Amino acid sequence: MSPVWRRELRRLVLLFAAAGLAGHYSGHLGWALFATSAVYIGWQWLQLARLHRWLVASQVGDLPITVGIWGEVFRHTQRLQRRSRKHHQRLQAVINRIQDSTAALQDAVLMADSHGNLEWWNAAASRYLGLRSPTDIGQPLTNLIRNPDFKQYFDSTDYREPLTMTSPVNPRQQLQFNITLFGRKDRLILVHDVTRLVQLEQMRKDFVANVSHELRTPLTVIRGYVETLQGNADMLPPRWQRMLSQMSQQSQRMEALITDLLTLSHLETDRPHEAAPVALAPLLQQICADARALSGERAHQIECQVASGCALAGYDNELRSAFSNLVFNAVKYTPAGGRIEVGWRVDGNEGILSVSDSGEGIAEHHWPRLTERFYRADPSRNPETGGTGLGLAIVKHVLLRHDGRLSIDSTLGQGSTFCCHFPLARVISPEQ
Ligand code: ADP
């Protein structure tokens, strides 16, 4: 037992012993004990009432003065209260600092609870999104930012990719939203002004589209003259004939490059129109027939395994361009007599178009970069194949416009398999 409790017990025993003696000598033992008990209980009540009053008033300085166990209780309570106040002040200082620093941020920061109601935001959020304090506190964020893209993004809870959209208060400002889930599905929303970036990106796209377009006319004229000269080749010395043949080859390459650049530029800038069912069997059989023509004397064995009736909801021209790039690449990078298989299957929750070849294969460290523009796994091989370096970039963009993705698997010396994965929502089976 602690000393303070021992003292309290001694005091109690002495009190009742004195009351017992006084009662014994006065002949009223019962009354004496009763009166002492009543005084003791009254005193306890009084201390309890003081403690309660002191806690309610919560004035740290005015500690009630008392003795015994109650004095100890008062002192401990006061110590706890002081400690909790210090802790609270420290936390408040941290919160104030965080709020001050986020208020000074150029980027907007918002917090929404698990129901999507707005809890807090900084000054930049008011500027970018037109939020007003205190009326907007507790309002659903999708009611305050009225944009269908934002609503879909906010409700999706898949925040791996950011959302870029026009500011609701300034049509010339482009904002990028990044959402992070924390706690019990609360949301931290960061909004960054990307107007300049979007403008630069647009300038780049316009520049590539304009340059490609402008180069086309002079190139057509040059090719026309070269072809005319080649038509009268027998009148020219043999040295000139070789030069003309090279000019013709190079101008064909340039034309292919311009065509691919324009295709990419359309894929990047044109808004997708209404998707329509694209029958896969005739499309792929046609591509395989073209591939056999491209193979010519190299006589690749090209097989097309696509059940009739399968279709994809998409854009015919774009799918044709993507699949042709994959099949023609297989022809270009597979030695003569090699095997090429084109197949379609529905596997789990996706439809997969695969193009496999028994060619030279690609080392694994190249795979992540193959869809970059002008990236080549083996640049020395390129002059022979006449590739533009844009084929797989086109495939990637076409698949993005069809909610799909490209996967690559390859073994050096054995061959490669390129797969286009499409979500089931786009797959139309023969029964349908
Ligand atoms: P390119 O016009 O050079 O073929 P692509 O973008 O179509 O450009 O392909 C990029 C690179 O990927 C090619 O240069 C080649 O190195 C490699 N590649 C593509 N398909 C195959 C394949 N089936 N087998 C081996 N390498 C391939």
Side-chain angles (χ1 to χ4, degrees), residues 208 212 215 219 249-268 284 287-296 298-305 317-344 352-402 404-421:
V208 173
S212 315
L215 280 176
L219 190 65
Q249 256 178 25
Q250 293 304 325
S251 55
Q252 269 173 27
R253 263 195 82 189
M254 259 179 95
E255 198 167 284
L257 198 63
I258 289 170
T259 308
D260 279 358
L261 278 172
L262 281 172
T263 307
L264 261 180
S265 151
H266 285 309
L267 289 172
E268 278 184 336
L284 291 168
I287 292 173
C288 287
D290 294 347
R292 281 185 203 103
L294 177 72
S295 167
R298 297 204 293 148
H300 294 97
Q301 303 162 47
I302 302 176
E303 257 187 48
C304 183
Q305 291 163 346
N317 285 344
E318 295 183 12
L319 290 174
R320 182 182 297 275
S321 160
F323 299 160
S324 313
N325 269 308
L326 291 179
V327 180
F328 295 169
N329 271 354
V331 173
K332 282 192 294 185
Y333 299 108
T334 303
R339 206 177 154 71
I340 295 166
E341 281 171 20
V342 180
W344 168 259
I352 303 173
L353 178 118
S354 60
V355 180
S356 308
D357 63 57
S358 59
E360 298 160 31
I362 313 160
E364 194 170 347
H365 64 274
H366 292 300
W367 299 356
R369 299 197 58 193
L370 283 181
T371 54
E372 285 175 22
R373 282 158 210 226
F374 301 113
Y375 187 84
R376 277 149 184 152
D378 184 357
S380 61
R381 230 192 274 159
N382 196 255
E384 305 155 26
T385 62
T388 60
L390 295 170
L392 293 181
I394 291 176
V395 175
K396 180 180 136 184
H397 273 82
V398 169
L399 293 185
L400 276 181
R401 280 161 72 94
H402 288 79
R405 68 186 169 88
L406 179 70
S407 70
I408 300 162
D409 190 19
S410 183
T411 311
L412 269 182
Q414 290 185 20
S416 317
T417 300
F418 287 78
C419 288
C420 304
H421 303 253

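Owing to the predicted nature of the structure, the values given are computational and were not obtained by experimental measurement. Positions are given from 1, in the same order as the sequence printed here. Read the numbers this way: they start at 1 and go in the same order the structure lists the ligands and their atoms.
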Report yes or no: does R376 contribute a side-chain atom to a donor-acceptor pair with the main-chain N or O of G387 at less than 3.5 Å? yes
Could you see which bit of A377 sits under 4.0 Å from ligand 1, with heavy atoms only: side chain, backbone, both or neither? both
With heavy-atom distances below 4.5 Å as the criterion, would you say the side chains of N325 and S321 are in contact? yes
Which of the numbered atoms in ligand 1 are under 4.0 angstrom from any heavy atom belonging to S416? 24 (N)
Take every heavy atom of K332, measure it against each atom of ligand 1, and state whether any distance is under 4.0 Å. yes
D357 and ligand 1 - part of the residue with a heavy-atom distance under 4.0 Å: side chain
Give the contacting part of I362 toward ligand 1: side chain, backbone, both or neither, where contact means a heavy-atom distance below 4.0 Å. side chain
Does any N or O in the side chain of S358 come within less than 3.5 Å of the main-chain N or O of R339, such that one atom is a donor and the other an acceptor? yes
Ligand 1 and G389, any nitrogen or oxygen pair closer than 3.5 angstrom? yes
Please confirm whether the backbone N or O of A393 pairs with a side-chain atom of R373, one donor and one acceptor, at under 3.5 Å? no
Would you check the N or O atoms of F418, main chain and side chain alike, for any that come under 3.5 Å of an N or O of ligand 1? no
Verify, without hydrogens or angle tests, whether T259 (side chain) and E255 (backbone) share a donor-acceptor contact under 3.5 angstrom. yes
Can you list the ligand 1 atoms lying under 4.0 Å from a non-hydrogen atom of L392? 5 (P), 6 (O), 7 (O), 9 (O), 10 (C), 12 (O), 19 (C)
Do any nitrogen or oxygen atoms of G391 lie less than 3.5 angstrom from nitrogen or oxygen atoms of ligand 1? yes
Indicate, as side chain, backbone, both or neither, the part of Y375 found under 4.0 angstrom from ligand 1 when only non-hydrogen atoms are considered. backbone
If we ignore hydrogens and angles and just use 3.5 Å, is the side chain of H300 paired with the main-chain N or O of T334 as donor and acceptor? yes
With heavy-atom distances below 4.0 Å as the criterion, list the atoms of ligand 1 near T388. 2 (O)
Looking at side-chain heavy atoms only, is the closest gap between L284 and L353 below 4.5 Å? yes
Could you list which atoms of ligand 1 come closer than 4.0 Å to a heavy atom of R376? 3 (O), 14 (O)
Is there a side-chain contact between D357 and V331 (heavy atoms, below 4.5 Å)? no
